[in-house]
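Everything on this sheet refers to the single structure shown next.
In what follows, chains carry the letters A, B, and so on, assigned in the order in which the sequence lines appear, proteins first and then strands, with residues in each chain numbered from 1. It should be emphasised that the depicted structure is a prediction, and the values quoted were computed from it without experimental measurement. Only this structure's heavy atoms are used, side chains among them; waters, hydrogens and symmetry mates stay out.
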Number of protein chains: 2
Amino acid sequence: MNNKDVITEKQRKMARYAKAMGHPIRMYVLELLSKQSCCYSGDLTEELPIVKSTLSQHLKELKDAGLIQGEIEAPKIKYCIDKENWKEAQELFKEFFDI
Amino acid sequence: MNNKDVITEKQRKMARYAKAMGHPIRMYVLELLSKQSCCYSGDLTEELPIVKSTLSQHLKELKDAGLIQGEIEAPKIKYCIDKENWKEAQELFKEFFDI
DNA sequence: TTCGTAGTTCGTAAAACAACGAACATGCTT
DNA sequence: AAGCATGTTCGTTGTTTTACGAACTACGAA
């Protein structure tokens, strides 16, 4: 109906991923996970200059964006990259930056 | 230098670029400019479902993030990719996604 | 000089984000 | 059952983002 809707689905998806990556703390977490397969929230709270509730919110955002996933490993939660979406993001950025 | 600051300069820079890319309108503009070298604000207002003042704000954000630059060509303003920073972003994302 | 075009800036309002501490939920271990 | 460890959720606060229309600025043309 709206012929002014020129924004593509790819652009929306990339914006969604990019937005999730738009905070230093979240970039830190993503880079860590992309390199070491998994980690626990507690590991991060020790290293990072934020309290656990704030970290929890950042992790939730990354999860909502689909970039990471959490697996219960009581009483902890193991976080890893969501490989499927990670790959999609990878492809999108690759195509976007023409690399 | 704060030695408790585990967040790297690269992570901060990427977060800054990612944040600027974190909106569909801005992704649209960036993709357009990455493909056609330049455009005018008026061209965009016609295509996009937002008013010119809103577009102006988005362009300002892209400019502040360093991803685009504007050149006065009275009475218009010609927008292009900021090639130097674009290249930096390219490298950062490339390294980050390991591509 | 006055008018029109092209954009930016200002003022405003609603929504989203970011951070914290307190309270809560969960599931081991005594 | 009671306590502990690990996180999440809630409530609050202040900031930032997104969007709009109105007002403004800059410049070229009539």
Side-chain angles (χ1 to χ4, degrees), chain A residues 2 4-7 11-12 14-30 32-33 38-80 82, chain B residues 2 4-7 11-12 14-30 32-33 38-80 82:
Chain A
N2 184 2
K4 272 201 169 184
D5 201 356
V6 291
I7 312 247
Q11 283 158 353
R12 284 183 208 286
M14 269 198 81
R16 181 110 179 73
Y17 288 133
K19 191 174 180 183
M21 293 167 67
H23 191 288
I25 294 278
R26 297 196 292 264
M27 278 306 306
Y28 176 87
V29 173
L30 287 176
L32 187 75
L33 286 182
C38 75
C39 78
Y40 299 95
S41 178
D43 306 342
L44 298 168
T45 324
E46 278 177 33
E47 302 165 13
L48 294 168
I50 51 171
V51 301
K52 58 182 181 172
S53 59
T54 304
L55 174 64
S56 187
Q57 282 185 116
H58 283 302
L59 292 174
K60 179 167 164 31
E61 276 197 63
L62 289 174
K63 216 167 19 176
D64 289 349
L67 288 170
I68 67 171
Q69 55 193 174
E71 187 186 327
I72 295 174
E73 210 172 75
K76 301 185 179 184
I77 293 177
K78 190 173 77 173
Y79 284 102
C80 340
D82 182 316
Chain B
N2 182 1
K4 283 190 179 178
D5 207 345
V6 291
I7 312 246
Q11 283 159 353
R12 284 183 208 288
M14 271 199 79
R16 181 105 179 76
Y17 287 133
K19 192 174 180 184
M21 294 167 66
H23 191 288
I25 294 279
R26 297 197 290 266
M27 278 306 304
Y28 176 87
V29 174
L30 286 176
L32 187 77
L33 286 181
C38 76
C39 76
Y40 299 95
S41 178
D43 306 342
L44 297 169
T45 324
E46 278 177 32
E47 301 164 14
L48 294 168
I50 51 171
V51 301
K52 59 183 181 172
S53 59
T54 304
L55 174 63
S56 187
Q57 281 184 116
H58 283 302
L59 292 173
K60 180 168 162 31
E61 276 197 62
L62 289 173
K63 215 167 20 173
D64 289 350
L67 288 170
I68 67 171
Q69 56 194 174
E71 187 187 325
I72 296 173
E73 209 172 77
K76 300 185 179 185
I77 294 177
K78 189 173 77 173
Y79 284 102
C80 341
D82 183 317

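- As rounded to whole Å, 12 Å separates atom C1' of D:dT6 from atom CD of A:E46.
- Minimum interatomic distance between B:L48 and A:I7 (heavy atoms only, all atoms of both residues): CD2-CD1, 4.1 Å.
- Atom CD in A:E73 sits about 14 Å away from atom P in D:dT8, given to the nearest Å.
- A sub-4.0 Å separation between OP1 or OP2 of D:dT17 and a side-chain N or O of B:K19 is present.
- Side-chain proximity of A:K52 to D:dG7, C:dG7, D:dT18: nearest is D:dG7.
- Of the candidate nucleotides D:dT6, C:dC20, C:dG7, D:dT6 has the atom lying nearest to any side-chain atom of A:K76.
- Between A:S56 and D:dG7 there is no side-chain polar atom (N or O) within less than 4.0 angstrom of OP1 or OP2.
- A straight line from CE of A:M21 to C1' of C:dA18 spans 19 Å, rounded to a whole angstrom.
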Could you give me the CA-CA distance, side-chain angles and deciding distance for A:L67 and A:M21, then say whether side-chain contact (heavy atoms from CB on, under 4.5 Å) is met? CA-CA 9 Å; A:L67 288 170; A:M21 293 167 67; 4.1 Å; yes

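- Regarding B:R26, its CZ atom lies at a distance of 8 Å from the P atom of D:dA19, rounded to whole Å.
- Between C:dC17 and A:H58, no contact under 4.0 Å exists linking OP1 or OP2 to a side-chain N or O.
- Residues A:Y79 and A:K63 are in side-chain contact: their nearest non-hydrogen atoms beyond the backbone lie under 4.5 Å apart.
- Rounded to whole Å, atom P of D:dT9 lies 10 Å from atom CG of A:D64.
- We find that CG of B:L55 is positioned 12 Å from C1' of D:dA19, with the value rounded to whole Å.
- Computed from coordinates, the A:L48 CG to C:dC20 C1' distance equals 16 Å when rounded to whole Å.
- Distance from the side chain of B:S41 is smallest for C:dG7 among the nucleotides D:dC20, C:dG7, C:dC20.
- Closest of all the heavy-atom pairs between B:L59 and B:S41 is CD1-OG, 4.0 Å.
- Between A:Y79 and D:dT8, a side-chain N or O to OP1/OP2 separation shorter than 4.0 Å is present.
- Using a 4.0 Å heavy-atom distance criterion, B:Q57 is classed as a base contact.
- At least one side-chain nitrogen or oxygen of A:H23 sits closer than 4.0 Å to the OP1 or OP2 atom of C:dA19.
- Phosphate proximity of D:dC20 to B:T54: present, with a side-chain N or O under 4.0 Å from OP1 or OP2.
- Among the atoms of the strands shown, only primed sugar atoms or phosphate atoms (P, OP1, OP2) are found under 4.0 Å from some heavy atom of A:I50.
- Atom pair B:I72:CD1 and C:dT5:C1' shows a separation of 15 Å (rounding to whole Å applied).
- In the set C:dA18, D:dA22, D:dT9, the nucleotide with an atom closest to the side chain of A:S53 is D:dT9.
- Here the shortest heavy-atom pairing between A:V6 and B:Y28 reads CG2-CE1, 3.7 Å.
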